[in-house]
Amino acid sequence: MAENYTDPSGNTQAFRAFADTADSTDERTSRTGLMIGVAAVVVILVALGGWLALG
């Protein structure tokens with residue numbers, strides 16, 4: 001291990017920065033999946049509305 005390695009649990013400030021970074025990544029992934037799902041539903045509804053209007 002490197003000599004200048006700092007353990008995130010070594011002090012409160014470093015641990016909070018580490019914990020906040022991990023949480024923000026999870027939220028971003030969750031929101032991306034949600035946005036893709038919402039976009040898919042909108043596309044399906046527009047296609048269904050067009051099919052009904054033309055049919």
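By the 4.5 Å side-chain criterion applied to Ile, Leu, Val, Met, Phe, Trp and Tyr, L45 is assigned to a cluster that also includes V41. Cluster partners of L48 are W51, L52, counting Ile, Leu, Val, Met, Phe, Trp and Tyr whose side-chain heavy atoms approach within less than 4.5 Å, directly or via other members. Grouping Ile, Leu, Val, Met, Phe, Trp and Tyr by side-chain contacts under 4.5 Å, direct or through others, leaves I36 on its own.
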